[in-house]
Amino acid sequence: YTGEFGVNYCTSNGAATDELMKKAVQDLIDGKFRDADIVRFWSLDAGKWCECSACKDLGIPTDRTLLWVHRFSQEIKRAQAAGTINRRIIIRFLAYSDVLHPPTRPLPDDFDYSMCSATYFPIVRCYVHNFDDPTCSRNAAYVKHLHGWAVDPERHYKGEICIGEYYNVSSLMSLPAVYTRIMSSDIPWYFQNGARHFCYMHSPVVRWGTWTLNQYLLSRLL
């Protein structure tokens with residue numbers, strides 16, 4: 001892999017998982033994340049997944065993600081009990097691209113929903129239409145997946161949802177893309193459908209221009 005892209009490790013490999021957890025927890029204790037209290041524990045960006053039989057037995061990529069999120073939370077709790085981590089840690093995992101599909105299997109009985117929550121990123125959604133517009137096939141597919149994460153009574157995941165939006169998506173550069181109508185519909189809809197947290201990608205730091213309207217309206221809507 002290169003940077004954030006490539007092939008995820010073989011998640012059925014116990015030794016590899018042990019090493020990942022050891023290093024990640026140590027980073028929280030005295031490494032580069034020693035001051036972090038929210039950890040985005042993500043797989044590679046749209047990464048490929050191992051197809052060995054042992055990995056396939058663990059389920060789809062989302063199922064496998066939730067298993068190592070659960071393991072990570074357990075290791076953090078062990079460090080907290082030992083006194084090497086003396087703060088609350090929140091884990092945010094992905095519901096995005098290759099792990100957009102809701103889990104297909106029950107989560108471990110002791111999965112800690114107060115500690116671990118999903119961030120749902122509709123990265124290639126349509127911005128011509130409101131997110132819940134049933135005439136837009138692209139957005140309808142995202143609505144179906146989000147429903148499976150957040151409101152389906154038969155869903156396996158029962159935790160909180162954070163929405164990760166792209167109102168500042170970097171590919172637009174400094175184009176005057178103003179989403180007042182879209183955001184005015186989207187934000188209340190997300191809330192009504194279970195979302196209680198929000199973040200968004202590629203926030204500009206210079207040359208806001210007409211994007212200033214997006215920043216102002218979004219803050220008011222939230």
Side-chain angles (χ1 to χ4, degrees), residues 1-50 52 54-55 57-100 102-121 149-150 155-164 194-203 222:
Y1 65 91
T2 302
E4 299 176 2
F5 302 93
V7 181
N8 294 298
Y9 85 101
C10 176
T11 56
S12 64
N13 183 325
T17 298
D18 290 345
E19 187 69 10
L20 171 62
M21 298 303 161
K22 181 178 73 174
K23 298 284 180 128
V25 171
Q26 196 63 48
D27 269 344
L28 290 170
I29 293 171
D30 58 10
K32 59 185 176 180
F33 301 129
R34 61 187 177 275
D35 298 316
D37 52 13
I38 298 178
V39 180
R40 290 181 171 87
F41 200 58
W42 295 358
S43 50
L44 294 173
D45 192 340
K48 297 182 183 299
W49 289 80
C50 178
C52 74
C55 278
D57 287 345
L58 297 176
I60 66 171
T62 304
D63 298 322
R64 293 158 63 180
T65 293
L66 288 166
L67 288 176
W68 52 253
V69 168
H70 173 250
R71 170 71 185 279
F72 188 39
S73 69
Q74 290 181 313
E75 297 300 331
I76 291 174
K77 288 180 178 181
R78 289 191 182 96
Q80 290 169 330
T84 53
I85 294 178
N86 296 302
R87 65 190 186 281
R88 185 185 181 211
I89 302 289
I90 297 294
I91 300 171
R92 290 267 166 82
F93 61 88
L94 279 177
Y96 158 86
S97 186
D98 52 303
V99 287
L100 188 70
T104 63
R105 303 179 179 188
L107 278 62
D109 291 339
D110 60 347
F111 192 91
D112 190 344
Y113 291 112
S114 67
M115 185 178 186
C116 308
S117 58
T119 302
Y120 184 88
F121 284 102
W149 279 99
R155 69 191 185 279
H156 294 297
Y157 173 74
K158 301 296 177 65
E160 294 184 333
I161 296 291
C162 175
I163 297 296
R196 291 297 179 269
H197 307 278
F198 187 92
C199 66
Y200 71 150
M201 301 297 288
H202 312 161
S203 184
L222 292 173

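Hydrogens, waters and symmetry mates are skipped; everything else that's a heavy atom, side chains included, is used.
- One finds the CD1 atom of I163 at 9.5 Å from the CZ atom of F121 (value rounded to the nearest 0.5 Å).
- Here the straight-line distance linking atom CD of E160 with atom CE of M115 works out to 14.0 Å at 0.5 Å rounding.
- Shown here for D110 and Q74, the closest heavy-atom pair between the two residues is OD2-NE2, 3.4 Å.
- A donor-acceptor pair under 3.5 Å links the side-chain atoms of T84 to the main chain of A79, judged by distance alone.
- Nearest heavy atoms, C116 versus F93: C-CE2, 4.1 Å.
- Contact detail for R64 and C50: the closest heavy-atom pair is NH1-O, 3.2 Å.
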* Would Y120 and L100 satisfy side-chain contact (heavy atoms from CB on, under 4.5 Å), going step by step from the backbone distance to the final call? -> CA-CA 8 Å; Y120 184 88; L100 188 70; 3.3 Å; yes
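- Taking CD of Q80 as the start and CD1 of I76 as the end, the distance is 7.0 Å to the nearest 0.5 Å.
- To the nearest 0.5 angstrom, H70 atom NE2 is 14.5 Å from T65 atom OG1.
- Every ring pair (Phe, Tyr, Trp, His ring centres under 6.0 Å) that Y113 has, sequence neighbours left out, goes to F111, Y157.
- Contact annotation: the side chain of I161 approaches that of W149 to within less than 4.5 Å [non-hydrogen atoms, C-beta and beyond].
- A distance-only check finds a donor-acceptor pair linking the side chain of N8 to the backbone of K48 [under 3.5 Å].
- Within a 6.0 Å radius of NZ in K158, more than 12 heavy atoms belonging to other residues, nucleotides or ligands are found.
- Taking each heavy atom of P102 and I60 in turn, the nearest pair found is O-CD1, 3.7 Å.
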* Asked: For D98 and S43, what are the C-alpha separation, side-chain angles and deciding distance, and is it a side-chain contact (heavy atoms from CB on, under 4.5 Å)?
  -> CA-CA 9 Å; D98 52 303; S43 50; 4.2 Å; yes
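- Annotation for G6 and L44: closest pair C-CD1, 3.8 Å, computed over non-hydrogen atoms.
- A side-chain donor-acceptor contact under 3.5 Å links R87 to the backbone of R34.
- Remark: W49 engages no residue in a ring pair (Phe, Tyr, Trp, His ring centres under 6.0 Å) (not counting sequence neighbours).
- T62 approaches P103 most closely through the heavy-atom pair CG2-N, 3.7 Å.
- Heavy-atom contacts from other residues, nucleotides or ligands closer than 6.0 Å to CZ of R196 number more than 12.
- Between the side chain of W68 and the main chain of M21, no donor-acceptor pair closer than 3.5 Å is present.
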* **Chi angles and distances behind the side-chain contact (heavy atoms from CB on, under 4.5 Å) call for F72, V25** => CA-CA 8 Å; F72 188 39; V25 171; 4.1 Å; yes
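- Atoms CG and CD, from L28 and E75 in turn, are 11.5 Å apart once rounded to the nearest 0.5 Å.
- Side-chain contact between H156 and L66: absent, with no pair of heavy atoms (C-beta onward) separated by less than 4.5 Å.
- The main-chain N or O of T104 is found under 3.5 Å from a side-chain atom of D63 such that the two form a donor-acceptor pair.
- Once rounded to the nearest 0.5 Å, the distance linking OG1 of T11 with CZ of R71 reads 12.5 Å.
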